[in-house]
J.: 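Encoded as structure tokens, here's the structure I'll be asking about.
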Amino acid sequence: MPDPVEARDRTTGDEDAVFVARCRRGDPDAFAVLVRRHQKRMLNIAYRMIGDYGEACDVVQEAFLSAWRGIGNFRGEARFSTWLCGIVLNHAQNHLKQRSIRSGRTGAPLDDSDPPSGEESAVERLERRELEARVQEGIGSLDGEQREVLVLRDIQGYSYEEIGVMLKLPQGTVRSRLFRARNALKENLLAVWSDLR
Amino acid sequence: MTCKEIDNLLPVYEEGLLTPGEKEGVEAHLAACERCRQSFADLRRAQELVRGLDEVEPPPFFEERIMSRVRQEAGEKRGLLRKFFYPLHIKIPIQAVATIVVAVLAFHLYEHGDPEMKRVAPLPVPLTEPAKEQVAAEPPSAARLPEAAAPARPPAGDLPGATGQRFAAPPSEGSRRREKMADSAGVQEVRPADAIRERSRAPETPPPEQSAKKAGSEDAVSGMAPAPPAPEGRAKAKMADSGIAGGEGKAMPAAPSPREMAASGVIERSTVELTIQAVDVPRAVQEIEKRLGEANARIIERRRRGEGELLRVEIAAGRVALLVEQLAAIGRVNVGKDLPRPTGGTVTVGITIESRP
């Protein structure tokens, strides 16, 4: 595998550019590198958007397949990860439209993949998971537009500019949506806090 | 600022996106408003909870699952392309090679095919009346001589001039034929000794004017060729042998008849196109015919061309240059291409006589 630093594209600063170019020539091995690099982040975005781990995995898989099919349309104007994230969000939104959010299935990974903390007791772990599930529920209660800006900004840490590129929105619109999303989430979580108290 | 305005600004307060005025207003309001302070605290806590959410890990073999689908699709895509274009993988190279082969073959035929065709299928030469008479009058002994003398043929080198001719290359056939035709036209005979002497004298060719004057004498034959080459001389010697049966010439095969010459062997032909511009075309034609007769040229075609006339003649290659010089005295001569080298063989000369105003 070539050195990512050496492979960094000088114009866009995208270290994926070399592999993207190989993908455009039909090289699946290059695409495997991109999958390895971005699968986790894309899965987390999809998971926070959908709230169900298994469905998020399916959505990410379909999104990667769409990216492979459409790699010829990627012109390198933005970073590959930005472009890929837009595809994942599209698939997630489509998925959300096709089904109603199941409030009982928060999608928290309740298997052993959750790394246990040595200092955390079983009770504390359960409490943490319960809290995460309630927060995820609060996120899930947002409408799709507010949810995606909240996930992208507050969970994934994308800049307003990047979010604007992904969602094809002006930065002002991104900001106003984020205001509403944060206030709405706060209102949703107030009930959780009262329960926890 | 009101509490409602503060609610709209608090979400981005900590991101530093507010103007200094907005920031001061928010801070002043928060200091004075308990409800908004609580709201701000709830907002920060919500954000902390969201940011503190654990990341989920991809399931085992997630990459493999994705890549399995991708590779499957890539394979199908390639298979589809192959299905559509596989025949072209074969067809295109074959068609390209075939095109190149045809092109090369055509070029080769164009470049080299013409002389080959002439050798394989020589053009039939019509016999002139004198030639026919000559064929009829040809002594039977001369025709039989080759068969009779063949076993006793002396080895090469016994008679340099004659034996050299015997194994001469195809061009000598043309010379032989031409000389036969000249004989049949009633020019003159050349004795073997004269022919041999002529060969040795070939470089000392008399000037054209002199040779023209000597037409009819024994030296005239040699004089007609400005620089008669060796094959030419050998051809003459052979003709002399065939004309006079006797001496060492008996060892030589008799000259074939004109018909044989026409049907056999290789007649080297090249064509020279001359254009003569003359004020008086009929007179020029007469003059030209006279010169042609002197040069032992044979007119094979004659036709009118506009106000002028076209004569197509056969003449020994070695005499073309002299003919051109002589024609230059009649009118302005333009030569279409380079004159043939004075080697053995016959050339066809097209002489176009044009009217010059």
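Because the structure is a prediction, the values reported are computed rather than measured.
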J.: Pick from A:Trp68, A:Phe80, A:Phe74: which one makes a ring-ring contact (aromatic ring centres under 6.0 Å, His included) with A:Phe31?
T.: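 The residue from A:Trp68, A:Phe80, A:Phe74 that satisfies ring-ring contact (aromatic ring centres under 6.0 Å, His included) with A:Phe31 turns out to be A:Trp68.
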J.: With a 4.5 angstrom heavy-atom cut-off, could you sort out which part of A:Asp29 is near chain B: side chain, backbone, both or neither?
T.: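 Both backbone and side chain.
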J.: Shorter than 4.5 Å, heavy atoms on both sides: which option in B:Gly52, B:Ala46, B:Pro60 has the most such pairs with chain A?
T.: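 Looking at each of B:Gly52, B:Ala46, B:Pro60 in turn, B:Ala46 comes out on top.
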J.: Determine yes or no for a side-chain-to-main-chain donor-acceptor pair under 3.5 angstrom, with A:Arg153 supplying the side chain and A:Tyr158 the backbone.
T.: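 Pair found, side chain donor or acceptor close to backbone of A:Tyr158.
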J.: Can you confirm whether the side chains of A:His95 and A:Asp58 place a donor and an acceptor under 3.5 Å from each other?
T.: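 Checked: A:His95/A:Asp58 side chains show no N/O donor-acceptor pair below 3.5 Å.
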J.: What option among A:Asn188, A:Val151, A:Leu185, A:Asp154 has the most heavy-atom pairs under 4.5 Å with chain B?
T.: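 Among A:Asn188, A:Val151, A:Leu185, A:Asp154, the one with the most close pairs to chain B is A:Asp154.
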J.: Does a donor on one side chain sit under 3.5 Å from an acceptor on the other, for B:Gln38 and B:Asp42?
T.: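 The criterion, which ignores hydrogens and geometry beyond distance, is satisfied for B:Asp42 and B:Gln38.
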J.: Given heavy-atom pairs under 4.5 angstrom as the criterion, report whether the side chain, backbone, both or neither of A:Glu62 touches chain B.
T.: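 It is the side chain, since no backbone atom gets that close.
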J.: For chain B, which of A:Leu178, A:Ile155, A:Leu65, A:Val60 has the most heavy-atom pairs under 4.5 Å?
T.: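 Among A:Leu178, A:Ile155, A:Leu65, A:Val60, the one with the most close pairs to chain B is A:Leu65.
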J.: Is it the backbone or the side chain of A:Arg41 that comes under 4.5 Å from a heavy atom of chain B, or both, or neither?
T.: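 Interface part for A:Arg41: neither.
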J.: Using a cut-off of under 4.5 Å on heavy-atom pairs, state which of A:Met42, A:Gln156, A:Arg48 scores highest against chain B.
T.: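 Between A:Met42, A:Gln156, A:Arg48, the count favours A:Arg48.
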J.: Quick one: ring pair (Phe, Tyr, Trp, His ring centres under 6.0 Å) pairs with a partner in residues 18-49 of chain B, sequence neighbours left out?
T.: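 Applying ring pair (Phe, Tyr, Trp, His ring centres under 6.0 Å) to every pair that reaches into residues 18-49 of chain B, excluding sequence neighbours, yields B:Tyr13-B:Phe40.
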J.: Please classify the contact of B:Glu63 with chain A as side chain, backbone, both or neither, using a heavy-atom distance under 4.5 Å.
T.: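 Both backbone and side chain of B:Glu63 come within 4.5 Å of chain A.
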J.: For B:Ser39, enumerate each residue passing the side chain to side chain donor-acceptor pair (under 3.5 Å) test, keeping only those at least two apart in sequence or located in another chain.
T.: A:Lys186
